[in-house]
Structure formats: C-alpha cells, structure tokens
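One structure is given here, and the rest of the page talks about it.
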Amino acid sequence: MIGSLLRRSRGWLVLLFAWAVAEAPGAAAFAAAASSAAPATLPAVGPERGNFKTSPTLSTEAIYVVKLLEAAHYNRAAVGPSDYAEVIPDFMMALDGQHLFFLETDKAEFGRRYDGQTVYYKVAVTGDIDPAYDIYYRYQDRVEKRINWVFAELRSNFDLTRNEAYAPDRMKSEWPANPADADDLWRRRLKFELIGEMLNKKTVEQARDIVRKRYERMLKNLGDIDGNDLAEIYLTSITALYDPHSNYFSADTYEDFGIQMKLQLVGIGAMLRQKDDYCTVEELVPGGPAELGHQLKPNDKIISVAQFGGEPVDIIGMKLRKVVNLIRGQKGTRVRLMVEPAGATDSSVRKEIVITRDVVKLNSARAHAAVFQIPDAAGRSVPIGVITLPEFYSADDSQGGAEKTSASTDTAALLHQLQQAGVEGVVLDLRHNGGGFLGEAINLVGLFVPRGPVVQVRESDGHKTVDDDNSKQATYEGPLAVLTDRFSASASEIVAGALQNYGRAVVVGDKSTHGKGTVQTVVEMKNISPELFHSPVKTGAAKITIQKFYLPSGSSTQLRGVVPDISLPSIDDCLPIGESSLPHALIWDSIGATPFNGQPIDPRVLALLIHSSGDRQAKLDEFAYLRRTVDWFQSKQGQKLISINLDERRKQKDADDAFVKAAKLDRTQLAKSDYPHQEIWLGPPPPPKIKAKDDAADTDAAADDSASIFGANDDSPYPSMDVPLRETMRILDDAINLGRDHQYWASNHPPLTIASKG
C-alpha cells in the first residue's frame, strides 16, 4: 500500500507548503513569570506517574509512520536507526525549549537508556513510544518542584540594583549542570521577569501578582497534557529527523488541520504555533480580519485573550488547541488580544489588539495593482505598474460564486489594465508570498514567457519531470522586475527563479528568498494501514516531504533560495527566518539543466543596473535612514545578555524610546517624497482596515517601536516610504533607459523584454 502511495504521488495535485502549518502542541516550558506568595497546597497536576499507555491504535500508527518515512520520504536514504538517538534530546527540547527545567544529568541518563537502535526498534517494530512518557514524567516532576520553589522564592525581596544580566533566549544554551546552577539561573530569570512587568508601568506588588498568576496558569496547564499530545511531539521528533517540514498530526490536530485548509472559516485568520510556551503568530491568512487590520503581525506573541467585555485569560503555557478555541468565535463578535510585538526590543512591551471575527474570504486576498509615477533624470514622469500577489491561489479555492478566480487569471487581467494605462514597465511584488498551487506558479510564468519549462520536479528515486507553461504568446512582453524578501517561499521562488533564468526580469530584494524547495503531502494513517482502515477510531496523519524543486537551469531553490540580482538593506536579513535556520533542512544541490530558450541578464546591463542602484543607496537619505534603523535593530537583536539592574534597564528603555521617536519623525519627513499612484482592483476594494479601539489601559506606546519605524503599521495597500519598492521601480526605469540604446539589446529586443511577434 505504501509502495502504491509513492507511485501515485506523481499524479497528485500538490499544494506547496511554505512553512510547517502545525507544530507540537503546548508542552514547551518557557516560564515567563514568578509569584509573590505560594498557595497553601500545591495543586494536583497531571495523571499519576506511569498512567500513560500506548493504545493499540497509536501503536499501529507509530509503526506505519516509520514505514511511510522509510518508503516515501524524499530524504529516507539519509536517515538510519542510529540517527534515532537524536529523538531523545529533540523530544526534551520540545518539552523544555529554553533549557530551564531539565538538567544535563537528565540528558545524559536518557541518552544512555535510549540509544538510537533502542528508540528505532521500539517505535518501528513494536510501536512503543514509552520513552516519551518516561521523559515526560521527569519533566513533570522538575516543573512541579521548580514552580513550588518559585512560589517560595518570591516571598523574599529581590535586589534589583546588582549589576547582573540574564540571557532570555536559551534555545542554544545547555541545561543547568546541577540543582545549584539551576537555582542561580532561576533567581536571575525571576528578576528579569519582574523588571519586565515594572517597565510596563506596574508596581512591584502588581508585578509579583502577574508573575504568580502566570505560574499558577502554567502549573494548571501542565495537567492538561495528555497522551495524544506526547505522542504527537514524540513522533514529530522522529519525522523531523528527515526534514523540518515533516510532521505527525494526532487525530485532533489533523482535524484542526482540515479546518485550516478549508476554503472558508470564521475567525481572525491567523495561523498559530506554540513556541517556548508562547502562542506565536506563525502566519496571517491573506484577506482575514487580522491581516486586514494590520495590527497583528507574524511572530507576535499572544499573552492573553479576552472576549470583548470579558476578563482577559492569560494563555502563556496554555495548550495551543485551547488558545485556538478561545480566539475562534462567531462572525461579528470581537476578541481582545494582548500581544508582545515581534519587533519589540524589550520584552516588557505590550499592545492590545481588538479584532472583529469574520469569514475569511479568498476574494479579499486577490492580486491587485497600482500605477506609480516615477520622475526620471530628464524630469519626465514615467508610469510604472506594480502588481501585488499575496499568494498563488487557484480557481479551486473560489468561494462557489459565479466568478472563478486564480492568481494567474487575475494577474493577466491586471496586466491588461496596466498596459491600457500606458505603463512602461511592471514590478511583480512577491514579498511575503509564501507559495500556493504549483500550477498557478507555472501559469503565471507563462504570462511573461511564451511556452517553455518553468520548474523541474525530482523524486527521491531520481525520477524527474519538467513542467512547462503552454502559453503560445506572453500576455506582457515589456520590462519586468520581481521584488522578493525572506518570506517569499515555494511557488514564489519558482516564479522568481524561472524569470531570472530566462533573463526576463531583474530580481530585487533581501539577500535571498526563504529557501523552501520541497513539496509535502498529507497522508491519514488509516489510509495506509490495513489494521486501521475499517476502524471507527479517528486516526492521525503524517505530513511528509516527497519531492524537490529545481529551476530550468538545474539549480535547486532549497536552502539557498533565489539570490536577487540586486540586494537591498533589510531587517529580514537580521532574523533567523530562512530555511537554512531550520534543523535537518535538506541540502542544496543541482541537476542537469533542461533546454529552454533564454539566458540570464546581459552582464553589461546588470553591472550598470547594480552600479546605479549602489550609487543611490550611497547618496539618498531614505537609504541612510534604512541602514540606520536596520543597524539599530541588529544591535538590539545581538544583545544576548540583558541587564537585570532596574535602573540600567530604565536607561536602556529611555534610549530606545528616544531613537524610535527620532526615527518616526525622519520617516514622516521622507514619506513626503512618495511617488503618486492610482490603485487598480479587480473587484470591490477591500473594506476599511479593522482597527482596535483605543480603550486599553494597558496599551504601551512603545509597542509600535521597530514596527513603526519600518512602516509595518501603515495599513494602506501601498504603504508610505516603501524603500524596496521605490528602488525596484527606479531600477526598472534604469533598464528602460538602457533599452533606448541598441548596444544593450539582447538579439532584437531591449533588456528585460521578449521579442514581440508583432
């Protein structure tokens, strides 16, 4: 059955996943606060020791997960039984990602008890995942004792005047060597958390109360962990040995996954994940209330959730499924989220966001365009078209109305309107486009290149197919640029890379795109297991990587992504957001090129474009502003140790606030030189952005710091002072001017164009 699965995979319609959609549920243990008074009795926590058992259904699923990986995963030949030794520390990391609770002696002990061969035999042959329960019992014990210690410790006074520091990000740290080291670590951590609340305008006693409640919540949530959660974490630790985009879904998570993949749902339109005990925004669904409101951002940490008019519920440490249930609700109702913004340079920053739940509709995420007027050196106004494509959606995604939409058909319609408006060049903006349907990526390339190969797809057995666009003639033949960033992934990388291979477009953006060059498929366990096929019990599923992408040139988009022809300064390059930052990511490689009628941009032309852009980057005030803010953000990101001296932290916060204030003024002044533009929509323009009402007493003005200075809070379709877009349009204008000189023509046509059959 698994063999037939592998053979049939070549014919499946595959949706390209930009990132893993689901992560292990809330068993991470990033303790975020402390308490001033211990309860008289420690609350009962979790099941009794030894109560977890592997059910017959789960045992069968575990066996078939390994069979599926070994039969169908693209990287199956690279993983052997000895590699399963990594499952134990990886599972411990999934429970205790910040290395706060376990000790190094725990890691050594479990490593001796469960070597790779033992782990492999247990799960692959007997379906036994008892190591997960064994390790969890130790974790449970450590957490209970540590929180009890915290309750007692916070009865004492803390000296916040000592010159000490704490490293809040302990993902790459070792676990404490012994109990004494753990106590010292936790004393500094509690100071760090208390100072964070005090900088958020709380008194010492208020800070203690917040911290205490947080730990009480964490203790309660520890008891919510069940066997299915542990199985999901443990089996995902196994699938992750093969690559970071392979997961195991428990039956409940698989059901949630199905809801996420539906074409229409009521909610706020955000994909969430549990990361180090925080509920973190993984992705905003285009067209959803959260994305339209431009308040919630990817990587924001949600601290609490409140139904409008109700009391907030602290969700740090809460199971992800419970968090999702709190946030979901009926259409038209409002939910209040207290978040720590991703761009905040201080963990004390909080911002309240009010979102009105609504139906998430594809139509709101359709491609749209604008015509910008760019002044050139001769003083004339050059019309440049910009097409913004949020994702590669398909007609199959439509909401069932009379109008069937897709990324390629919508882009074709916009191209016709832009040409009617007399644009001299077009920018295709693929920033934050995480992918979508492969067929749409191929069709979209066909709008710019007549009939030719777009992408090569290879399976682990070496079988290769070449997908061509079949358009007889391009819809648009004029000068073209593609704008990308680190969030441009999967299908976006195929389009940018193919157009770059053909020399059809100049690619501009961050130092590289995301680097996800793989395809995943989701397989429900009962569909590959004869024992489970007729079972009435709900089963889980596995998402595994089955194919890899290559450009027409033979270069993979995996890991390295698409490197732009011209790169610009970017905050994204300061963050670990690419494929290369993920553990067990598949390697970059290349295969033979497939014949195609194209070649990269003429080196003479590209050299002139790079020189002109470099000259502007050295002289224009907007680039000085951009470099200044990127450098500041990078310096804040580089501060691994944070002072836990209250006065020192206040000085740091005052300095940061002063920088942000000055940067906002600079940005406002520079925005006065924005190019005028006229927007083009295929349907009704999107409704006004949903904004939170300014009625939150706890809202901190500093919450907008780095977000505001980079323009992330501008909720217009085309934000002011969009430096990358402005420069891309200027680069395209440079290419248009070079095209007036025949010495720079390629064969019989100007650069970044194709020969017109007319």
Side-chain angles (χ1 to χ4, degrees), residues 18-19 21-23 256-257 259-275 278-308 312-313 315 320-344 349-366 368 388 390-391 393 397 399 431-434 436 487 577 685-694 696 699 703-704 707-708 710-717 719:
W19 297 280
V21 179
E23 300 236 350
D256 288 343
F257 177 83
I259 293 173
Q260 290 174 345
M261 298 308 296
K262 283 182 180 178
L263 306 180
Q264 190 179 83
L265 55 89
V266 175
I268 67 171
M271 291 184 179
L272 309 175
R273 67 169 174 167
Q274 200 80 15
K275 184 178 180 181
Y278 282 98
C279 177
T280 305
V281 179
E282 176 78 1
E283 182 181 341
L284 298 181
V285 178
E291 191 271 339
L292 292 175
H294 281 253
Q295 298 289 309
L296 197 65
K297 308 293 181 185
N299 295 321
D300 281 355
K301 295 176 182 176
I302 302 177
I303 306 300
S304 68
V305 179
Q307 308 311 313
F308 204 80
V313 177
I315 64 167
L320 185 60
R321 195 168 294 114
K322 287 192 173 184
V323 176
V324 170
N325 288 337
L326 283 174
I327 294 176
R328 286 176 183 164
Q330 294 184 349
K331 178 181 178 180
T333 60
R334 291 193 285 178
V335 62
R336 291 165 43 217
L337 307 178
M338 186 66 72
V339 304
E340 178 185 323
V349 172
R350 299 287 187 271
K351 179 180 181 180
E352 186 176 80
I353 295 170
V354 178
I355 301 177
T356 300
R357 301 176 177 106
D358 200 355
V359 175
V360 181
K361 297 179 180 179
L362 173 67
N363 198 48
S364 300
R366 292 176 70 178
H368 58 276
T388 301
E391 62 178 290
Y393 49 94
D397 282 348
Q399 301 300 315
R431 289 177 296 175
H432 280 73
N433 184 322
F487 295 96
I577 53 179
K689 306 300 182 183
I690 304 170
K691 293 182 177 292
K693 294 186 181 301
D694 189 18
T699 298
D704 293 331
S708 63
F710 286 99
N713 291 336
D714 192 330
D715 61 4
S716 61

- Distance in Å, Glu340 CD paired with Ile303 CD1, rounded so as to fall on 0.5 Å steps: 5.5 Å

- Which pair of heavy atoms, one from Leu296 and one from Val339, lies closest together, and at what distance? CD1-CG1, 3.8 Å

- Item | Rounded distance [0.5 Å steps], CG in Leu337 versus NZ in Lys301 | 16.0 Å

- Task: Please identify each residue that fulfils side-chain hydrogen bond (donor to acceptor under 3.5 Å, both in side chains) with Arg336, with sequence neighbours left out.
- Result: Glu352

- Task: Please name the pair of heavy atoms, one in Gln330 and one in Arg357, separated by the smallest distance, quoted to 0.1 Å.
- Result: O-CB, 3.6 Å

- Item | Atom pair CZ (Arg334) and CD1 (Ile268), whose distance is rounded to the nearest 0.5 Å | 14.5 Å

- Nearest heavy-atom contact between Pro298 and Ala342 is O-CB, 3.5 Å

- Item | Side-chain (Glu282) to main-chain (Ala270) donor-acceptor, under 3.5 angstrom | no

- Leu272 versus Ile327: any side-chain heavy-atom pair under 4.5 Å? yes

- Item | Nearest non-hydrogen partners of Val305 and Ile302, listed with the distance | CG2-CG2, 4.1 Å

- When rounded to the nearest 0.5 Å, the distance separating NZ of Lys297 from NZ of Lys351 is 7.0 Å

- Checking Ile355, Thr356, Val354, Thr333 against Phe308 for side chain to side chain contact (heavy atoms under 4.5 Å, CB included), the one that qualifies is Val354

- Residue pair Pro289 / Gly269: nearest heavy atoms and the distance that separates them: CD-N, 4.2 Å

- Query: Which value, rounded to the nearest 0.5 Å, describes the distance between Arg350 atom CZ and Ser304 atom OG?
  - Reply: 9.0 Å

- Message: To the closest 0.5 Å, what do you measure between CD1 (Ile315) and OH (Tyr278)?
- Response: 10.5 Å

- Message: Taking side-chain contact (heavy atoms from CB on, under 4.5 Å) as the definition, give me every residue that meets it alongside Thr388, ordered by chain and number, with sequence neighbours left out.
- Response: His368, Val386, Asp429, Tyr718

- Message: Just to verify, what does Thr280 make a side-chain hydrogen bond (donor to acceptor under 3.5 Å, both in side chains) with, not counting sequence neighbours?
- Response: none

